[in-house]
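Read the structure below first, then the notes.
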Amino acid sequence: MISPVAQATDPWRSHPARIVRIAEEIGGVRSYDLVLDNTAVRAAYRFVPGQFNMLYLPGIGEAAISISSSMATPDLLTHTVRSVGNVTAALARAKVGDPVLIRGPFGNPWPVDRLADRDVVIVAGGLGLASQRSLIDALARHATACRSTAVIHGAKRPADLLFQSEYAAWKAAGIDMHPIVDVGEGGWSGPVGLVTKLLDTLPLDPQSTTLLCCGPDRMMTAVAEKAFARGVPADEVYLSLERNMSCAVAHCGLCQFGPLFVCRDGPVFSFDRIAQFLAVPQC
Amino acid sequence: MVVSPSPISERNIGDWLRLPPAGLQLLIETLAENHRVVGPQVADGAVVYRDLRGIAELPVGWLDEQDGGRYRLHQDPTAGFFDHVVGPHSLKNFLFPARETVASFVRTDGEWVQQTHAPEDRPLAVIGVRACDMAALRIQDKVFLGSGHVDPGYQARRQRLFTVAVNCRRAAATCFCHSMACGPAVEPGFDLALTERDGWFACQIGSPAGHALIQRLATADAGIVSCTVEEVDAAKQVSIDLEASMHARQPEAGAPRPRSLDTHGIRDLLYAQMEHPRWEEVATRCLSCTNCTLVCPTCFCSSVTEVADLSGDHVERERHWASCFTLDHARMHGGSVRSSTASRYRQWVTHKLAGWIDQFDSSGCTGCGRCITWCPVGIDLTEEVAALRHSDPP
């Protein structure tokens with residue numbers, strides 16, 4: 001017997017949503033603004049920066065995508081994705097008005113409650129900035145309190161720097177923006193190199209600094225080491241990990257990293273919690 | 001001392017009864033009125049769980065020999081109904097089936113509507129569950145019911161599960177439940193527990209559901225009477241003696257090595273040995289075949305596949321067992337996090353014996369020994385852990 005789903009607690013319950021806007025970001029990367037169909041579900045939905053949704057396209061698959069929109073507009077959920085797999089490739093073919101199903105939000109967010117009186121240093125490699133955009137927005141709006149905010153964003157080329165149209169507004173809100181590229185082409189006059197290069201010279205008080213990093217594992221490990229060299233303690237460095245995920249509720253086991261379920265215990269971890277396992281190749 | 005048997009209707013949870021084989025037959029038939037009853041049967045050269053109609057289908061007179069990469073059945077006229085130990089199946093095969101639809105969707109006029117399936121109408125009853133598998137059940141309960149989210153399918157099957165547990169009278173060489181504190185005596189949590197005696201079963205009532213079933217049997221002429229105090233003591237002694245013998249087992253020439261596992265400080269031991277060369281050495285033998293994870297009664301990894309009909313308008317999300325031994329398990333765009341067999345074997349063992357303790361406050365191993373028996377090359381985790389223990393960190 002089949003009847004419409006009634007159990008709100010079923011972790012496999014997906015909520016219908018609709019694409020209301022598609023924004024071209026950098027090459028191969030688009031942002032999809034989604035609005036949940038059901039008004040009660042929409043009203044109940046709240047997320048914290050750093051959390052993710054499972055975006056589901058029936059018959060194609062499901063993917064864990066961080067939420068990159070503002071907490072101030074929880075009705076509108078933005079997901080910024082690069083077309084690399086089944087789901088993201090299908091999204092690339094989608095148009096405004098198409099349905100997408102959502103499970104979420106899931107995961108341990110950025111430590112927004114612990115940033116008051118801190119000098120926040122956000123380090124993002126490539127698309128990693130998507131997971132930090134809602135946090136930067138909250139800091140820019142002073143919805144999340146902190147003492148100062150610096151953003152170091154590394155990309156391959158100047159054209160690969162994400163969310164460039166927002167830098168002016170973030171700067172105007174007092175955020176110290178530091179884009180850096182590997183290849184300084186097209187009249188680029190900014191710094192060239194890896195994000196760690198900027199961390200060498202960024203003025204910071206190690207005792208009041210909290211560093212939040214998202215990017216490839218190897219880049220995050222290098223950033224953390226640089227932060228420690230500058231005197232930032234390990235429990236003030238947070239990394240957002242990416243792993244294979246299916247269920248998002250610590251049942252399927254695919255995202256395990258040491259004893260941790262990245263979907264539930266992460267994706268954001270303080271460095272001291274994962275240092276032991278980050279040091280092990282292929283862990 | 002002779003005590004006149006009191007009427008069954010006065011029996012309580014914890015009480016012991018004398019159950020003749022005819023009583024077990026009636027028990028199975030009575031359970032079958034509203035349960036799907038499964039029990040151990042010989043099929044394809046192994047004792048597996050299958051739908052059970054009566055005691056004639058039980059593996060009476062069969063014994064199993066188990067060793068690394070080896071499982072053989074032979075007949076022995078002295079063997080009873082349950083003197084085989086664990087085969088490749090466990091409760092996992094039923095409560096967390098290898099394939100299950102976790103969600104389904106129908107598209108009408110371009111809109112996807114999620115459907116739900118009512119739980120199977122017949123609850124499950126399993127005859128012959130051993131202590132290690134009852135322990136595995138408690139472990140999987142923590143995974144699917146106790147980790148913050150409830151798996152609805154597991155919960156529906158689990159809540160209605162009826163278990164007729166069996167206290168083992170013998171252990172295979174691959175059994176090491178005594179090392180994992182998971183046996184050989186069945187811990188509370190069963191509905192009924194049987195200890196096989198000479199031509200009858202000592203049956204302990206373990207739950208209200210077990211009690212209710214015994215009440216029903218009592219109204220039939222099934223020859224069920226209370227155990228005497230001596231009979232209860234003798235039945236309890238079976239597990240005590242077996243456990244003592246498992247602790248005392250010594251290797252003998254020409255016989256499979258009796259397994260045990262030193263669990264002292266095992267979590268820290270394994271975390272300290274993550275880069276030990278032994279992992280690379282195991283990888284030269286390990287085929288990454290996933291057999292160990294499939295037969296493990298606690299392994300819970302899974303993945304979901306989209307199954308659509310030709311119209312594309314009906315989609316089922318089919319969850320199937322996954323294994324950390326496959327490249328797909330930790331695959332992301334850009335490749336698998338654990339590309340080497342060494343890293344995947346290490347993932348399995350460190351998760352099972354160390355990470356599990358952090359995650360669920362218990363080991364993920366019950367000492368059932370299936371991973372040893374069903375490994376095609378006979379890799380033995382008790383041997384691997386001993387090798388890691390008896391060498392210095394790199």
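In what follows, every chain begins at residue 1, and chains take the letters A, B, ... in the order their sequences are listed.
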Of all the residues in residues 338-354 of chain B, which have a heavy atom that comes within less than 4.5 Å of a heavy atom in chain A? B:Arg338, B:Ser339, B:Ser340, B:Ser343, B:Arg346, B:Gln347, B:His351
Interchain contact, B:Arg317 with chain A, by part (heavy-atom threshold 4.5 Å): side chain
Roughly how far, to the nearest 0.5 Å, is CG of B:Leu95 from CZ of B:Arg157? 7.0 Å
Applying a strict 4.5 Å limit to non-hydrogen atoms, the region of A:Pro58 in contact with chain B is both
Salt bridge or not between B:Asp133 and B:Arg370? Use side-chain N to carboxylate O under 4.0 Å. yes
NZ/NE/NH1/NH2 to OD/OE distance under 4.0 Å, A:Glu62 and A:Arg103: yes
Chain B contacts, top residue of A:Ala250, A:Gly61, A:Gly85, A:Pro99 (heavy-atom pairs, under 4.5 Å): A:Gly61
Can you name the one residue among B:Phe144, B:Phe94, B:Phe96 that meets ring-ring contact (aromatic ring centres under 6.0 Å, His included) with B:Tyr154? B:Phe144
Whether the side chain of B:Gln140 engages the backbone of B:Leu137 through a donor-acceptor N/O pair (distance < 3.5 Å, no angle test) should be reported. no
Any side-chain donor-acceptor pair under 3.5 Å between B:Asp358 and B:Tyr271? yes
Nearest heavy-atom pair of B:Trp356 and B:Ile139: which atoms, and what distance? NE1-CG2, 3.4 Å
Under 4.5 Å from any heavy atom of chain B, what part of A:Cys283 do you find: side chain, backbone, both or neither? both
Where does A:Arg264 contact chain B at under 4.5 Å (heavy atoms): side chain, backbone, both or neither? side chain
What part of B:Phe300 gets closer than 4.5 Å to chain A, counting heavy atoms only: side chain, backbone, both or neither? both
Salt bridge between A:Asp33 and A:Arg18, side-chain N to carboxylate O under 4.0 Å? no
Taking B:Arg138 first and then B:Asp141, would you say they form a salt bridge - that is, a charged N and a carboxylate O separated by under 4.0 Å? no
Cut-off 4.5 Å, heavy atoms of chain B, and the answer for A:Asn86 is neither
Cut-off 4.5 Å, heavy atoms of chain A, and the answer for B:Val150 is backbone
So, the part of B:Asp328 with a heavy atom under 4.5 Å from chain A: the answer is backbone
In terms of heavy-atom proximity below 4.5 Å to chain B, should A:Ile60 be classed as side chain, backbone, both, or neither? backbone
Let me know if B:His333 has heavy atoms under 4.5 Å from chain A in its side chain, its backbone, both or neither. side chain
Heavy-atom pairs under 4.5 Å with chain A, option from B:Val143, B:Val106, B:Thr305 with the top count: B:Val143
Side chain / backbone / both / neither for A:Gln276 at chain B, heavy atoms under 4.5 Å: side chain
Pick whichever of B:Gly110, B:Ser147, B:Ala308 has the most heavy-atom pairs under 4.5 Å with chain A. B:Ser147
How about A:Ser246 and B:Ser303: does a side-chain donor come under 3.5 Å of a side-chain acceptor? no
Per-residue contact mode, A:Pro281 against chain B (heavy atom under 4.5 angstrom): both
Between the side chains of B:Arg389 and B:Glu384, is the shortest nitrogen-to-carboxylate-oxygen separation below 4.0 Å, so that they form an ion pair? no
Greatest number of heavy atom pairs closer than 4.5 Å to chain B - which of A:Tyr56, A:Phe261, A:Phe277: A:Tyr56
Please flag which part of B:Phe360 lies under 4.5 Å from any non-hydrogen atom of chain A: side chain, backbone, both or neither. side chain
Taking everything shown except A:Arg46 itself, do over 12 heavy atoms lie less than 6.0 Å from its CZ? yes
On the 0 to 90° scale, with breaks at 30° and 60°, tag the A:Phe106-A:Phe52 ring pair as parallel, tilted or perpendicular. tilted
Donor-acceptor side-chain pairing of B:His276 and B:Ser391 below 3.5 angstrom: yes
Sort out for me which of B:Asp151, B:Val307, B:Asp309 touches chain A most, counting heavy-atom pairs under 4.5 Å. B:Asp151
Side-chain H-bond candidate by donor/acceptor type, B:Glu318 with B:Thr101, under 3.5 Å: no
